[in-house]
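Computed from a prediction, not measured in an experiment: that's the story for all the values here. Here, residue 1 is the first one in the sequence, and each next residue gets the next number. For ligands, and for the atoms within them, numbers begin at 1 and follow the listed sequence.
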Amino acid sequence: MTKKLYIETVGCQMNVLDSELVVASLRKEGYELTDNTRDADTILFNTCSVRQHAEDKIYSALGRLKNAKQSNPKKIIGVLGCMAQKDQRLIFERAPYVDLIVGPGQLHQVPQLIKEISAGGEPRLEVSLGRKDGSRSDIEESHESFDPLRDPEMRPTPYQAYVRIMIGCDKFCTYCIVPSVRGPEQSRPPSQILTEARQLAGEGCKEIVLLGQTVNSYQHTENGRRWRLSDLIYALHELAGIERIKFVTNYPKDMTDDLLAAVAELPKCSKYLHVPVQSGSNRMLERMKRGYTVEDYREMMDRIRDRVPDFAVTSDFIVGFCGETEGDFQLTCELVREQRFKNSFIFKYSERPGTRGADLFPDDVPEEVKKRRNNELLAIQNAISEADNQPFLGREVDVLVEGPSKASVKQQEADAQQVQLTGRTMCDRIVVFDGNRRQIGQTLPVTIYDANAHTLFGTVVTQHVGPELFSLEPISKPPNRVNILKNFIPK
Ligand code: 5AD
Ligand code: SF4
């Protein structure tokens with residue numbers, strides 16, 4: 001009999017990829033996905049610890065499962081990922097009916113652990129060593145990356161894939177929990193990455209997104225050759241079938257000229273860079289221990305502007321960090337006005353126990369002030385995003401079609417042939433247009449007729465081809481395709 005798996009994912013792209021791999025490993029064991037917890041034999045939460053709010057959501061979801069577990073003690077409940085690594089046994093204390101706590105470095109063990117628990121075994125806790133609990137090499141080893149060669153049927157979409165090129169982080173920004181929960185920075189060998197990408201290309205994947213907490217800090221020496229991110233991109237660019245290459249998230253200090261040259265020169269390389277600045281105030285950047293000044297960041301933006309035509313840069317900001325005054329915040333607003341990011345992700349500071357920030361500085365900006373600053377900065381950014389999307393009106397852009405738009409999925413149109421589709425331009429702008437399911441995975445010219453802050457609306461000029469070239473067979477949703485994003489809750 002098939003077993004049913006419910007999985008909910010919170011957080012960043014790393015977590016989305018981790019969930020994809022966990023789902024794939026469990027499908028090999030005969031699991032099928034369900035989107036409700038009632039039917040599920042196993043319920044997994046892949047968690048995030050970056051902000052308190054993301055953790056609260058998981059604890060309340062766990063709270064709601066207490067009765068379900070009481071009425072069916074055979075149901076297995078697991079907590080995976082960053083919060084599992086951070087809170088460890090505390091999760092058992094807060095939700096004693098949890099069976100499984102597995103850190104991001106132990107996810108490959110999930111199928112075996114579930115088997116053992118189902119066979120009557122004790123609840124299990126499997127996590128990595130803490131950053132102070134051993135030698136660097138022991139700690140590195142305990143954060144095992146989970147990147148088996150993937151089964152194409154298990155990927156959420158056949159045309160796009162995340163490829164992890166590094167794990168962990170060594171930057172230790174004072175507000176951030178990531179270096180403790182994801183462990184030391186470790187770059188994967190280029191040969192492994194290229195093998196994975198070659199296989200993806202062979203399976204029809206057109207876009208790969210390289211993932212790392214500080215992806216542009218990538219470096220690895222293999223057979224005496226030192227590889228940087230730019231070297232990796234040049235090698236990936238050679239792969240037939242791959243049409244687009246993106247990479248996230250960038251660290252401002254590591255945005256080197258060789259990387260900008262690769263982005264500018266290589267036609268398959270998306271002209272989109274996510275480079276979080278976090279604040280426009282040097283005093284805040286210093287307290288955050290970001291390792292650069294606003295002037296350094298401006299200089300980097302100037303280099304991007306000089307070298308990369310039609311680029312788009314997005315950023316992250318933390319408002320209300322410890323000691324942030326109105327003056328500091330106004331400097332951030334100024335930077336946003338001046339740099340005109342394509343988009344900004346704005347977060348209210350959330351104190352993370354165990355970080356240097358929590359030890360050193362009181363979380364002294366009141367919640368209402370954080371909220372107000374968040375809204376103010378968002379309003380500035382939205383006005384810029386909307387204004388900067390207007391020049392696209394009347395222009396034709398190349399869109400790699402990703403799938404039905406959110407609106408058409410909501411209206412349950414996803415299985416119809418004629419649907420509203422969504423895709424992205426080379427500079428990562430979202431484009432929505434009416435089309436046909438068979439266009440998913442194609443790169444199409446779309447003429448833009450409307451634009452708001454976050455979306456361009458367009459029409460596609462369909463090229464009619466002779467019947468001998470055009471298969472009339474409907475291309476329907478592959479029966480086994482896994483929709484792990486169904487239960488994805490953004491942070
Ligand atoms: N509070 C609020 N935002 C945070 N981020 C990281 N740590 C915190 C925190 N403690 C934000 C940063 C980072 C993004 C992924 O999350 O802006 O770039
Ligand atoms: Fe966190 Fe800073 Fe590392 Fe980014 S660079 S993951 S913000 S510590």
Side-chain angles (χ1 to χ4, degrees), residues 10-16 47-57 81-83 85-86 104 131 143 164-187 211-218 229 247-255 273-281 284-292 296-297 300 313-324 329 332 335-336 341 343-365 367 369-371 373-374 377-378 381 490-491:
V10 186
C12 61
Q13 290 102 328
M14 256 328 162
N15 272 12
V16 173
T47 61
C48 171
S49 281
V50 165
R51 282 171 289 279
Q52 182 68 41
H53 180 59
E55 295 190 346
D56 293 345
K57 267 197 220 166
C82 295
M83 196 181 91
Q85 178 66 38
K86 175 176 158 281
R131 293 287 304 236
H143 281 271
R164 194 181 338 249
I165 67 164
M166 57 196 293
I167 59 170
C169 181
D170 283 344
K171 306 287 188 207
F172 286 100
C173 304
T174 54
Y175 52 81
C176 186
I177 195 71
V178 169
S180 354
V181 289
R182 289 257 173 197
E185 181 184 306
Q186 300 182 68
S187 293
L211 295 186
Q213 306 297 345
T214 56
V215 73
N216 56 341
S217 318
Y218 177 88
L229 176 59
F247 47 96
V248 282
T249 289
N250 292 284
Y251 186 66
K253 264 287 184 209
D254 293 331
M255 195 54 87
L273 298 167
H274 180 57
V275 205
V277 60
Q278 311 295 0
S279 172
S281 151
M284 288 296 105
L285 291 176
E286 167 94 46
R287 281 196 151 199
M288 291 174 172
K289 241 183 124 270
R290 283 291 285 177
Y292 55 84
D296 295 332
Y297 191 87
M300 177 206 75
V313 171
T314 59
S315 181
D316 291 348
F317 288 92
I318 296 178
V319 292
F321 186 58
C322 315
E324 186 188 67
F329 173 65
T332 299
L335 187 71
V336 170
F341 299 105
N343 195 4
S344 289
F345 302 91
I346 302 163
F347 307 104
K348 290 177 288 174
Y349 172 59
S350 165
E351 186 178 83
R352 308 288 55 221
T355 57
R356 291 271 305 282
D359 290 345
L360 292 174
F361 315 115
D363 178 12
D364 55 1
V365 177
E367 181 60 25
V369 176
K370 288 181 183 171
K371 215 181 257 169
R373 290 182 186 166
N374 190 333
L377 195 58
L378 197 60
Q381 177 59 58
K491 280 181 284 192

Query raised in the report: Does one side chain, of Gln278 or Tyr175, offer a donor that lies under 3.5 Å from an acceptor on the other?
Result: yes
Query raised in the report: Does ligand 1 have an atom that lies less than 4.0 angstrom from a heavy atom of Lys348?
Result: yes
Query raised in the report: Would the number of heavy atoms belonging to other residues, nucleotides or ligands and lying under 6.0 Å from CD of Gln13 be above 12?
Result: yes
Query - Sphere of radius 2.8 Å around atom 2 (Fe) of ligand 2 - protein N, O or S atoms inside - result: Cys173 SG
Query raised in the report: Can Asp254 and Lys171 be counted as an ion pair, charged N to O under 4.0 angstrom?
Result: yes
Query raised in the report: Do side-chain atoms of Ser281 reach the backbone of Met284 as a donor and acceptor pair under 3.5 angstrom?
Result: yes
Requested in this report: Scan Asp316, Asn250, Asn343 and name whichever one has a side-chain hydrogen bond (donor to acceptor under 3.5 Å, both in side chains) with His274.
Outcome: Asp316
Query raised in the report: Relative to ligand 1, is Tyr175 under 4.0 angstrom through side chain, backbone, both or neither, heavy atoms considered?
Result: both
**Report entry** Criterion side chain to side chain contact (heavy atoms under 4.5 Å, CB included) on Met166 and Gln213, from CA distance to verdict
**Finding:** CA-CA 8 Å; Met166 57 196 293; Gln213 306 297 345; over 6 Å; no
Query - Distance filter under 4.0 Å to Arg352 heavy atoms, resulting ligand 1 atoms - result: 10 (N)
Query - Ring geometry between Tyr297 and Tyr292 (parallel below 30°, tilted from 30 to 60°, perpendicular above 60°) - result: tilted
Requested in this report: Please report the C-alpha distance between Glu367 and Lys348 in whole Å, then the side-chain angles of each, then the deciding distance to 0.1 Å, and finally whether the salt bridge (Lys or Arg N to Asp or Glu O under 4.0 Å) criterion is met.
Outcome: CA-CA 8 Å; Glu367 181 60 25; Lys348 290 177 288 174; 2.9 Å; yes
Requested in this report: Could you tell me which atoms of ligand 1, counted from 1 in the order shown, lie closer than 4.0 angstrom to a heavy atom of Arg51?
Outcome: 1 (N), 2 (C), 3 (N), 4 (C), 5 (N), 11 (C), 16 (O)
Requested in this report: Check whether any N or O atom of Gln278, backbone or side chain, sits under 3.5 Å from an N or O atom of ligand 1, and answer yes or no.
Outcome: yes
Requested in this report: Go through the steps to decide whether Arg131 and Asp170 satisfy the test salt bridge (Lys or Arg N to Asp or Glu O under 4.0 Å), and finish with yes or no.
Outcome: CA-CA 10 Å; Arg131 293 287 304 236; Asp170 283 344; 2.9 Å; yes
Report task. Kindly confirm or rule out an N or O of Ser350 lying under 3.5 angstrom from an N or O of ligand 1. Result -> yes
Query - Thr332 vs Phe317 side-chain heavy atoms within contact, under 4.5 Å - result: yes
Query raised in the report: Any idea which part of Ile318 is under 4.0 Å from ligand 1, heavy-atom wise: side chain, backbone, both or neither?
Result: side chain
Report summary line: Under 4.0 Å from one or more heavy atoms of Val50, ligand 1 contributes atoms 4 (C), 5 (N), 6 (C), 7 (N), 8 (C), 9 (C), 10 (N), 16 (O)
Query - Polar atom proximity, Asp316 to ligand 1 (N or O, under 3.5 Å) - result: yes
